[in-house]
Amino acid sequence: MNALSVASALAPRPRAVSEAASAFVDMSNIFHGLQDQADREAEWRTDVRLEAVPFRDLLRAGRPLARSVVVANADVPKATLDHFAAFADVITRESGRLTGTEQANDETLQVRMYETIFAKPAGVLVLATGDGAGSAVGRGFIPVLEAARSKHWAIEVLGWGRSTNTRLRDWLQRTGGVFVDLADYYYSISFIENCRRAQPISLRHRSTASR
């Protein structure tokens, strides 16, 4: 074996990459933001619902879904969760109403994200949340996103523009990630039962990230 062959054999192999999206949804955060947006649209916050299929389409933006995980409070109606279970692994946690304490929904989602970014080929990591709290002390979603970037994942965050943590949005801007404001898609990803249907969703202006 000549020197060139030895060098080639010892060179680090490039990490496999994929164009598929892996999506992770903080349902509690997204739903509370949906209700706040309903107030701004002069609709009844208690009646607005999230439409699962267009929300899925917004997450994947025309790409295949390699994995999708939704973490929701256990008091979310089963009929609602069943719609999301058609395309995602749905994990339920006690909401805190019974115990009076938080049940670590964010941490549950973060564990699934770490499992994916270290075990799967690098692709597009899509996170639907508004929460960037804890980043100043090394907790929260930003450290997970930083780990994903170190493994060559592209990053997209979907959240409600008025309530998404500014530290999270600043991080995306610095690192080349993409923020998608769900308020721009409010009438396509929500409906009011017996009152308003969801409008057809257009992804023409949906920004996407690249590695």
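These numbers were taken from a predicted model, which means no experiment stands behind them.
A 4.5 Å side-chain heavy-atom check between Ser190 and Leu34 finds at least one atom pair inside the cut-off. Annotation: side chain of Arg167 is in contact with side chain of Ile142 (closest heavy-atom distance under 4.5 Å). Counting heavy atoms from C-beta outward, Leu145 and Met113 have side chains that approach closer than 4.5 Å.
A search for side-chain contact (heavy atoms from CB on, under 4.5 Å) contacts involving Arg204 returns Ser202, not counting sequence neighbours. Under the side-chain contact (heavy atoms from CB on, under 4.5 Å) criterion, Tyr187 pairs with Glu41, Glu43, Arg196, Gln199, sequence neighbours left out. Evaluation of the side-chain hydrogen bond (donor to acceptor under 3.5 Å, both in side chains) rule for Arg67 yields Thr116 as partners, not counting sequence neighbours. Residues satisfying the side-chain contact (heavy atoms from CB on, under 4.5 Å) criterion with Val53, sequence neighbours excluded, are Arg56, Asp57. Scanning for salt bridge (Lys or Arg N to Asp or Glu O under 4.0 Å) contacts around Glu146 gives an empty result, with sequence neighbours left out. Here Arg206 pairs with Glu156 under the side-chain hydrogen bond (donor to acceptor under 3.5 Å, both in side chains) rule; sequence neighbours left out. Taking the side-chain hydrogen bond (donor to acceptor under 3.5 Å, both in side chains) definition, one finds that Asp47 meets it with nothing, sequence neighbours left out. Applying the side-chain hydrogen bond (donor to acceptor under 3.5 Å, both in side chains) criterion to Arg45, with sequence neighbours excluded, gives Asp36, Asp39.
When all heavy atoms of Trp171 and Arg149 are compared, the pair lying nearest together is CH2-CG, 3.6 Å. Minimum heavy-atom separation, Glu51 to Phe191: OE1-CD2, 3.6 Å. Smallest separation of non-hydrogen atoms from Val144 and Ile117: O-CD1, 3.8 Å. Ala147 and Ser150 get closest at one heavy-atom pair: O-OG, 2.6 Å. Smallest separation of non-hydrogen atoms from Ser207 and Val180: O-CG2, 4.0 Å. Taking all atoms of both residues into account, the shortest heavy-atom contact from Ser188 to Ala198 is O-CB, 3.5 Å.
In this structure, CZ on Arg63 lies 10.0 Å from OG on Ser22, to the nearest 0.5 angstrom. Put simply, OG1 on Thr92 and CE on Met27 are 12.0 Å apart, with the number rounded to the nearest 0.5 Å. Atom-to-atom distance recorded for Leu109:CG and Phe141:CZ is 4.5 Å, nearest 0.5 angstrom. Here Ile189 contributes atom CD1 and Ile30 contributes atom CD1; the two are 7.5 Å apart, rounded to the nearest 0.5 Å. Rounding to the nearest 0.5 Å places OH of Tyr185 at 6.5 Å from CG of Leu203. Atom-to-atom distance recorded for Ile155:CD1 and Leu172:CG is 8.0 Å, nearest 0.5 angstrom.
Asn105 pairs in a side-chain hydrogen bond (donor to acceptor under 3.5 Å, both in side chains) with only one of the listed residues (Asn73, Thr129, Asn29, Asp26), which is Asn73.
Under the 3.5 Å distance criterion, the side-chain polar atoms of Trp160 are left unmatched by any main-chain donor or acceptor of Ala183. Put simply, the side chain of Arg169 gets close to the backbone of Gly161: a donor and an acceptor are under 3.5 Å apart.
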If you look only at distance, which donor and acceptor atoms sit under 3.5 Å apart when one is on a side chain in residues 80-89 and the other is two or more places apart or in another chain?
unit_1: Asp82; atom_1: OD1; unit_2: Lys78; atom_2: NZ; d: 3.4
unit_1: Asp82; atom_1: OD2; unit_2: Lys78; atom_2: NZ; d: 2.9

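Applying the ring-ring contact (aromatic ring centres under 6.0 Å, His included) test to every pair with at least one member in residues 27-52, sequence neighbours left out, gives no pairs at all. Residue pairs meeting the salt bridge (charged side-chain N to carboxylate O under 4.0 Å, His left out) criterion with at least one member in residues 178-191: none, sequence neighbours excluded.
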Side chain to side chain contact (heavy atoms under 4.5 Å, CB included) assessment of Leu58 paired with Leu158: CA-CA 9 Å; Leu58 188 59; Leu158 281 62; 3.8 Å; yes
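For Arg162, the CZ atom is loosely surrounded, since the number of other residues' heavy atoms within 6.0 Å does not exceed 12.
Under the 4.5 Å side-chain heavy-atom criterion for ILVMFWY residues, a single connected hydrophobic cluster contains both Ile201 and Phe55. In the hydrophobic cluster analysis, where Ile, Leu, Val, Met, Phe, Trp and Tyr join through side-chain heavy atoms closer than 4.5 angstrom, Phe118 is grouped apart from Val111.
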